[in-house]
Amino acid sequence: MLGPLILAASRSDRMRRLVSAAPMTKPVVGRFIPGETVDQVIPVVAGLTDRGLEVTLDVVGEDITTRAQATAARDAYLRLIERLGPLGLGTRAEMSVKLSMFGQSLEGGHELALANVRPVVEAAAAIGTSVTLDAEDHTTLDSMFAVHGELRKDFPGTGCVIQAYLFRTEEDARRLAAGGSRVRLVKGAYKEPASVAHQDRAGIDKSYVRILRTLMEGAGYPMIGSHDPRLISVGQELARRAGRKLDEYEFQMLYGIRSEEHLRLAAQGHRMRVYTAYGTDWYGYFMRRLAEKPANLLFFVRSMITKN
């Protein structure tokens, strides 16, 4: 019951102000977001990769209302790529982008988002890595998939995210698996109506397994985005049945959540990628992390109470 309330709060300007102003918010946010600048996050990337992990980097921020903000988002990613280049990490450090940051919701937003994200994808390819397009609420997905299709014409390694709680996703998965794309499967972290999405955990989990089987049996590269121990085990078994080698799929988890599991999977030879967000506009991202798991909310509240 808490999840939908927290998701609603993630869109509330009043709650944004209250949470942002709380004295202990930023230290707690630091569990999930290790920095606000590229200078702060680059050492984090180096530390993770030195321990055998891989990363995908997200410059947080979604409430874009002007073209200038969309251009600034593009430039933030280009600065990130410029800093990643000398590290020589290749695909061990990729990027995740939300098209809302690139102007998708503005007038002419589809074309604007495509125009802004293309230079980022080009620059990523130039240093030997790739970009994954994050999924947002269901109203944006047709545009996201269209941008994904356009980018893959020149940059076939461009990935995308699909969400197990949406009814449409099983069909999307069949199309993407047949096309050989890189696909991250997640449960979903937006408040969606019952007309388009499963509302119960059991229904979401069953959908996740069906979709993951489709991806594992397909021609693409599955990316298992989950912290759920059951789904991690299911992913390993489905990969085994599909005859996939350890480098033919990967696990992805959020920075700051189940960090020991990150290292355990990497030690077993799995590709384990840590979704690492940074930036100053962290509120929406942070609130969705709280909504995904009640333990995250309890951690936040306990820290607010026990710290001076």
Side-chain angles (χ1 to χ4, degrees), residues 1-12 15 31-32 58 96 98 132 134-141 144 160-174 176-177 183-217 222-239 241 249-262 264-265 270 272-275 277 284-302:
M1 295 297 293
L2 284 175
L5 293 175
I6 299 172
L7 288 175
S10 74
R11 295 294 185 182
S12 167
M15 285 300 299
R31 170 177 174 172
F32 306 106
D58 174 11
S96 292
K98 291 178 175 61
T132 294
D134 275 336
E136 300 182 71
D137 74 81
H138 77 279
T139 65
T140 68
L141 295 184
M144 185 274 282
C160 69
V161 176
I162 57 177
Q163 301 166 105
Y165 66 174
L166 294 176
F167 300 142
R168 64 171 289 171
T169 301
E170 291 191 53
E171 181 178 347
D172 290 330
R174 286 190 289 270
L176 291 164
V183 182
R184 180 196 305 146
L185 175 62
V186 300
K187 289 186 179 181
Y190 291 83
K191 185 179 180 181
E192 297 285 14
S195 59
V196 302
H198 298 282
Q199 302 295 308
D200 62 298
R201 177 177 175 177
I204 295 170
D205 286 355
K206 289 176 182 178
S207 175
Y208 194 105
V209 172
R210 290 193 301 269
I211 295 164
L212 185 54
R213 180 181 294 112
T214 296
L215 296 177
M216 286 293 183
E217 294 175 352
M223 300 181 284
I224 306 166
S226 178
H227 306 95
D228 188 329
R230 296 169 304 154
L231 294 180
I232 291 168
S233 295
V234 167
Q236 291 172 315
E237 177 61 19
L238 290 176
R241 292 181 185 180
Y249 64 99
E250 68 183 50
F251 293 98
Q252 295 193 4
M253 299 185 195
L254 297 171
Y255 179 89
I257 299 180
R258 300 198 72 202
S259 298
E260 292 184 0
E261 180 70 356
H262 302 176
R264 186 187 73 83
L265 287 169
H270 290 287
M272 173 62 231
R273 193 176 301 275
V274 183
Y275 190 107
Y285 176 89
F286 176 63
M287 294 298 282
R288 283 196 301 279
R289 301 295 75 79
L290 297 184
E292 286 173 350
K293 190 175 180 182
N296 294 339
L297 178 60
L298 293 174
F299 171 84
F300 178 60
V301 172
R302 186 164 54 245

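No experiment lies behind these values; they were computed from the predicted model shown.
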Could you list the residues that satisfy side-chain hydrogen bond (donor to acceptor under 3.5 Å, both in side chains) with [X], not counting sequence neighbours?
X      : answer
Ser259 : none
Gln236 : His270
Gln252 : Arg184, Glu250

Given 3.5 Å as the limit, does a donor-acceptor pair link the side chain of [X] with the main chain of [Y], or not?
X      : Y      : answer
Gln199 : Ile204 : no
Ser207 : Gly203 : no
Tyr165 : Val186 : no

In the structure I gave you, are the side-chain heavy atoms of [X] and [Y] within less than 4.5 Å of one another anywhere?
X      : Y      : result
Leu265 : Met253 : yes
Tyr275 : Asp134 : yes
Glu217 : Leu238 : no
Arg168 : Leu141 : yes

The criterion is salt bridge (Lys or Arg N to Asp or Glu O under 4.0 Å); which residues satisfy it with [X], sequence neighbours excluded?
X      : result
Glu170 : Arg210
Arg174 : none
Arg264 : Glu261

So does Lys187 pair up with Asp228, basic N to acidic O under 4.0 Å? yes
For the pair Ile232 and Arg258, evaluate side chain to side chain contact (heavy atoms under 4.5 Å, CB included) and give the outcome as yes or no after the intermediate values. CA-CA 12 Å; Ile232 291 168; Arg258 300 198 72 202; 3.7 Å; yes
Which heavy atom of [X] sits nearest to which heavy atom of [Y], and what is that distance?
X      : Y      : value
Cys160 : Met144 : CB-SD, 4.0 Å
Gly235 : Ile224 : CA-CD1, 3.9 Å
Ala135 : Tyr190 : O-CE1, 3.7 Å
Ile211 : Ala173 : CG2-CB, 3.6 Å
Tyr208 : Leu185 : OH-O, 3.0 Å

Polar contact flag, side-chain donor to acceptor under 3.5 angstrom, Tyr255-Asp58: no
Go through the steps to decide whether Lys98 and Thr140 satisfy the test side chain to side chain contact (heavy atoms under 4.5 Å, CB included), and finish with yes or no. CA-CA 10 Å; Lys98 291 178 175 61; Thr140 68; over 6 Å; no
Using side chain to side chain contact (heavy atoms under 4.5 Å, CB included), reason through Leu212 and Val209 one step at a time and then give a plain yes or no. CA-CA 5 Å; Leu212 185 54; Val209 172; 5.7 Å; no
I'd like to know whether Val274 forms a side chain to side chain contact (heavy atoms under 4.5 Å, CB included) with Leu254, so could you lay out the CA-CA distance, the side-chain angles of the two residues, the decisive distance to 0.1 Å, and finally the verdict. CA-CA 6 Å; Val274 183; Leu254 297 171; over 6 Å; no
What distance do Ile162 atom CD1 and Thr214 atom OG1 have between them, rounded to the nearest 0.5 Å? 8.5 Å
Distance, nearest 0.5 Å, that separates OG1 of Thr169 from NE2 of His198: 8.5 Å
With Val196 via side chain to side chain contact (heavy atoms under 4.5 Å, CB included) - residues at least two apart: His138, Leu166, Glu192, Pro193
